[in-house]
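Take a look at the structure below.
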Amino acid sequence: MTPPPGFEQLLRDLAPQVLTAVCRRFGDFALCEDAVQEALLSAAVKWPEQGLPDNPRSWLITAAARRRIDIERSDSARRQREHTAAGLAVPRPEPAPAEDDTLTLLMLCCHPALGRPSQLALTLRAVGGLTAAEIGRALLVPEKTVSQRISRAKKRLSGARFRMPPPGERAERMAAVLQVLYLIFTEGHTASSGTAVNRVELTAEAIRLTRQLHARVPDDGEAAGLLALMLLSDARRPARTRPDGTAVPLAEQDRSRWDSAAIAEGLDLIGKTLVTAQLGPYQLQAAIAAVHDEAARAEDTDWPQILALYDLLLALAPSPVAALNRIVPVAMVHGAREGLRQLDEIAGTAEHHRVDVVRAHLLDLAGEPGQARAYYRSAAQKTLSVPERKYLESRAAPGKSP
């Protein structure tokens with residue numbers, strides 16, 4: 001039987017709700033997550049055949065609670081307590097919590113005891129509701145690797161209780177949550193390797209989770225800034241590739257194809273948070289994206305404003321990537337030669353193919369197409385992205401000009 005419309009998305013939406021309910025009842029995140037995954041699998045098999053239950057959330061909580069009790073009974077280290085476990089009744093499904101637990105779950109998945117790859121995988125699994133196979137396809141790693149990362153993460157979190165971290169740890173955990181969501185979006189928006197410019201399943205999931213986070217902490221300027229950044233960047237997706245899959249740089253995109261609704265929402269978000277919240281790097285990046293999106297044509301871009309925003313960003317959160325991204329605005333405001341001079345001063349990015357891309361672009365602007373083609377060719381050899389390689393190879397072809 002064909003699954004009901006929206007079936008997979010319903011399971012993804014319910015997964016974190018069910019996990020939080022079971023964690024509150026039983027504790028021990030790792031065992032509860034196992035039980036919820038089996039309940040989701042059972043639903044994936046039964047619901048297409050039997051139809052959706054009247055209350056899908058309660059069905060899943062009951063199934064996960066039963067499985068959690070089975071795990072308790074079968075645990076060899078707890079055999080001596082089987083007589084107690086056998087007497088446990090399946091708990092009634094708890095009512096929906098008065099308070100959204102998305103932030104608690106995100107903070108648990110971004111526990112400082114876990115490395116960033118494990119945080120990514122566990123967030124996509126526990127909060128996003130994705131399977132190991134889906135995560136593997138999204139991150140371009142084998143399903144087995146994803147399963148191992150999740151398994152190791154849950155072992156590290158063995159015995160972890162489902163609760164907010166102490167107040168002293170929350171700021172650090174929130175920073176980790178935002179970074180994980182940003183990394184998920186970034187890998188989806190500009191795939192670091194493979195045959196696609198972007199991976200829609202990752203960008204969509206990052207936006208969905210960040211929406212939930214923003215709803216949970218509406219006064220957090222950086223959560224609002226990150227959501228705005230995602231919306232303003234993803235709005236350009238329809239124009240970022242040609243029919244043959246070749247990447248299209250920002251200056252050459254057909255801006256009539258940009259998502260105007262996403263741009264309007266992003267502009268509204270960043271406009272409000274910039275005047276009400278403490279300034280942060282995600283807000284500044286969103287403001288830069290907003291200036292690009294507000295320009296009806298590439299030549300209308302307010303480059304002095306973008307350069308000023310990058311100067312603020314580097315003062316607030318210096319990084320080699322931000323410094324590299326600032327070079328094009330420098331060239332657009334002060335000339336290509338000044339951009340090339342400052343490019344030579346940036347440390348920590350020399351091996352990245354984006355340095356060659358920027359240098360080639362500035363050489364084109366400076367009227368040196370021969371040298372530019374050499375750097376386009378070098379960048380094409382370094383990138384692992386097939387669409388980007390096609391574009392760079394086209395720029396390296398004789399006769400090309402900016």
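Note that the structure is predicted; figures quoted are calculated from it, not measured. Heavy atoms only: backbone and side chains are in, while hydrogens, waters and symmetry mates are out.
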N-O pairing of [X] and [Y] below 4.0 Å:
| X | Y | value |
| --- | --- | --- |
| Lys46 | Glu49 | no |
| Arg297 | Glu299 | yes |
| Arg237 | Asp234 | yes |

Looking at residues at least two apart in the chain, or sitting in another chain, which of them share a salt bridge (Lys or Arg N to Asp or Glu O under 4.0 Å) with [X]?
| X | result |
| --- | --- |
| Asp244 | none |
| Asp34 | Lys154 |
| Glu294 | none |
| Arg240 | none |

Can you list everything that forms a ring-ring contact (aromatic ring centres under 6.0 Å, His included) with [X]? Sequence neighbours excluded, please.
| X | value |
| --- | --- |
| Phe185 | His189 |
| Tyr282 | Tyr182 |
| Tyr310 | none |
| His292 | Trp303 |

*With Lys272, which residues qualify under side-chain contact (heavy atoms from CB on, under 4.5 Å), at least two apart?*
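Checked Lys272 against side-chain contact (heavy atoms from CB on, under 4.5 Å); matches are Asp268.
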_Run the side-chain contact (heavy atoms from CB on, under 4.5 Å) test against Ala264 and tell me which residues pass, sequence neighbours left out._
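With sequence neighbours excluded, Ala264 shows a side-chain contact (heavy atoms from CB on, under 4.5 Å) to no residue whatsoever.
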*Between Gly188 and Leu202, what is the shortest heavy-atom contact and its length?*
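Minimum heavy-atom contact is CA-CB, 3.7 Å.
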*asked:* Checking side-chain polar atoms at under 3.5 Å, does Arg389 have a donor or acceptor matched by the opposite partner on Gln381?
replied: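 No - no donor-acceptor pair under 3.5 Å links their side chains.
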*Is there any salt bridge (Lys or Arg N to Asp or Glu O under 4.0 Å) pair reaching into residues 257-267, and which pairs are they, with sequence neighbours excluded?*
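Matches after skipping sequence neighbours: Arg211-Glu265.
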Validation: residues 320-328 side-chain donor-acceptor distances under 3.5 Å, sequence neighbours left out:
unit_1 : atom_1 : unit_2 : atom_2 : d
Asn325 : ND2    : Val321 : O      : 3.4
Arg326 : NE     : Asp311 : OD1    : 2.7
Arg326 : NH1    : Gln342 : OE1    : 2.7
Arg326 : NH2    : Asp311 : OD1    : 3.4

